[in-house]
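Every chain is numbered from 1, with letters handed out A, B, ... down the list of sequences. If you're wondering where the values come from, they're calculated on a predicted model, not measured in any experiment.
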2 protein chains.
Amino acid sequence: MAEEIAGRGDPVRTLELMWGKAPAPRRGPKSRVSVADLVAAAVTIADADGIDAVSTRRVAEAVGISPMSFYTHIPDKAVLLDLMLDAVASPPGEDTPANPAFDPAEWRANVTFVARAFRAFYLRHPWVLQVGTHRPVLGPNTMRAYDVFLSAFDGIGLSEVEMDLSVTMVANYVHGAVRDVARAHMVKEQTGKSDDEWWYTIAPFLETIDFSPYPVANRVGPVVGELYGLGDPDLAFDFGLERLLDGLERLIEGKASSAVVIPPKLTPADREGLVIPPLTPPRGAPNSGR
Amino acid sequence: MAEEIAGRGDPVRTLELMWGKAPAPRRGPKSRVSVADLVAAAVTIADADGIDAVSTRRVAEAVGISPMSFYTHIPDKAVLLDLMLDAVASPPGEDTPANPAFDPAEWRANVTFVARAFRAFYLRHPWVLQVGTHRPVLGPNTMRAYDVFLSAFDGIGLSEVEMDLSVTMVANYVHGAVRDVARAHMVKEQTGKSDDEWWYTIAPFLETIDFSPYPVANRVGPVVGELYGLGDPDLAFDFGLERLLDGLERLIEGKASSAVVIPPKLTPADREGLVIPPLTPPRGAPNSGR
DNA sequence: ACCTAATCCTGTACACTGTAAAGAGTATTT
DNA sequence: AAATACTCTTTACAGTGTACAGGATTAGGT
């Protein structure tokens, strides 16, 4: 019942493993398995049976070593989760060109594209939504995804800070919006019960309840329900995305003349010379440019 | 390692417990504890020590019964999670008036208010973010929160469907945006390590890495880092919210003349007469109207 | 060739988890 | 008084992450 949270292991050790920069062992027997093998096995399990099917024992068994041998290669389960997140952020078979050609004139289409790709990524690996990451996963694949994401906002008149904030905004929105759909998918697979069946199961009970204390919901709910049945996640996603794009457009239009939106409140400059990577890389990768 | 997902127990039983409509027992000894006691204890534990500290044994012990007696009152741990979510959605001490007076003329302020309140709710109960809900929590408190949320969008020229979509959009955005902050809080409390320390720990390693394959990120990252240090979550939140509001404003402005935005694609009308509650109540409550 | 140190792999063990099963005690209905 | 329905308890099982100790294998230093 340890909760699934990545980013708790020794951060440097995690990064070393993620970038393949762990110092090569000088003595001792050759490993029968590699870290990549373990991570790949874990991802396979997670894709198939969900994140709670990923146990150190099962991963070890999948690659053919004994349970405790897992810890020879990966110090923690938390580290495994980090490695899984970066591994899945850009599937090997679907590499993207080094610099995706985003025409700034088509920025709405570009942002829509990366947002949809990001969403598709979550739907392909829904377990990612269940892994809480309280630190950015600074792995190569995640960085790549962040770079592509950022590129969609490049050259359209936004400052660097605004670009980062915009990526964060869209990524956050996508993350929030995809939850319901992804979970619905998972539940359908696991329990075989669709949303419709669930509603019909509880409908008799709901009829016994007085909804008058919730007047607005009571007015809106039935209308929405009749028009869209039990909800159209794709519609909801596009609706929100369009609003976001309109909001961005207004920002871009107003940039030329209007006041600066982001106040540059400098922090004490004792960080000079320090390599500070991006603040909030998206968790996972858009499967962009195919 | 069972994953924390609510909404898996018998839905009707869950609803009965949530609305206090479980049939009163006709015989047998009086209960020493109530469902509300158990839920309250569980929430206390979650608030204090995080969601993975909430075990059936610990909850039972907290109310003074033996571990298995838990199951006399609550069928599942999944049901407990649902009950916790609705219980926390509107703390007893902070009740709101039945109809919060939202002046439609001030809709931007109103939406900002509910969004901020929603965000504050997550920061007060960060464990809510770790509980995956694949079904809406149709409890009284959650309904109330949804109703208040909806009210902020009422009377400003949006259709019912657009109101629902707008609430969903804002709720999704807030959910996504609050993750990092909430987790940072939790980690700070649990490990005593702040984001800054984490960055300084990994900085030496990061300097050994070639970031040139990520040109845009490599350009944006340092600028953002220098201006805002390790990130200003409040700023990022407000930035995204302002864009959202601008997008909504454009929608509202264009409503009078322009074409209908939402195509009314009717589903087969075999749902007539069925009471269909709101599609996607927000998970948790804005602490609105104080 | 030997010894030592580093490394991989393994078995055992512990404290947890959710909860199934069975039974003991208690209050109400018949 | 007997049957019933309910609360609460004990025991038990299959899982989990991982600490610890030891055995097997390789390379470097002598």
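For the segment residues 58-72 of chain B, the set of residues with a heavy atom within less than 4.0 Å of an atom of DNA chain D comprises B:Ile65, B:Ser66, B:Met68, B:Ser69, B:Thr72, in numerical order. Near DNA chain C, meaning a heavy atom under 4.0 Å away, the residues from residues 32-40 of chain A are A:Arg32.
Computed from coordinates, the A:Ile45 CD1 to D:dT16 C1' distance equals 14 Å when rounded to whole Å. Here the C1' atom of nucleotide C:dG18 and the CG atom of B:Asp52 are 15 Å apart, to the nearest Å.
A search for side chain to side chain donor-acceptor pair (under 3.5 Å) contacts involving B:Thr72 returns nothing, not counting sequence neighbours. Every residue two or more places apart in sequence or in another chain that forms a side-chain contact (heavy atoms from CB on, under 4.5 Å) with A:Ala60 is listed here: A:Ile65, A:Phe70. For A:Thr208, the side-chain contact (heavy atoms from CB on, under 4.5 Å) partners two or more places apart in sequence, or in a different chain, are A:Phe205, B:Lys21. Residues passing the side chain to side chain donor-acceptor pair (under 3.5 Å) test with B:Ser31: none are found, sequence neighbours excluded. Looking at residues two or more places apart in sequence or on another chain, you find a salt bridge (charged side-chain N to carboxylate O under 4.0 Å, His left out) between A:Arg58 and A:Asp49. Checked against side chain to side chain donor-acceptor pair (under 3.5 Å), B:Ser66 has the following partners two or more places apart in sequence or in another chain: B:Ser69. Evaluation of the side-chain contact (heavy atoms from CB on, under 4.5 Å) rule for A:Thr44 yields no partner, not counting sequence neighbours. Applying the side chain to side chain donor-acceptor pair (under 3.5 Å) test to A:Arg13 and every residue at least two apart in sequence or in another chain returns nothing.
A centroid separation of 6.0 Å or more is found between the aromatic rings of B:Tyr146 and A:Tyr214.
Place B:Ser31 and A:Thr56 on DNA chain D by their nearest nucleotides, and B:Ser31 ends up nearer the 5' end.
Contact annotation: A:His73 side-chain N/O to C:dC9 OP1/OP2 distance is under 4.0 Å.
Listed by first then second residue, pairs satisfying salt bridge (charged side-chain N to carboxylate O under 4.0 Å, His left out) with a partner in residues 24-34 of chain B number zero, not counting sequence neighbours.
A:Leu81 is listed as a side-chain neighbour of A:Met84, based on a closest heavy-atom distance under 4.5 Å.
With hydrogens and angles ignored, a donor-acceptor pair closer than 3.5 Å exists between the side chain of A:Arg57 and the base of D:dG17.
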Heavy-atom protein contacts under 4.0 Å, nucleotides 25-30 of chain C, coded B base, S sugar-phosphate only, - none: BBBBS-
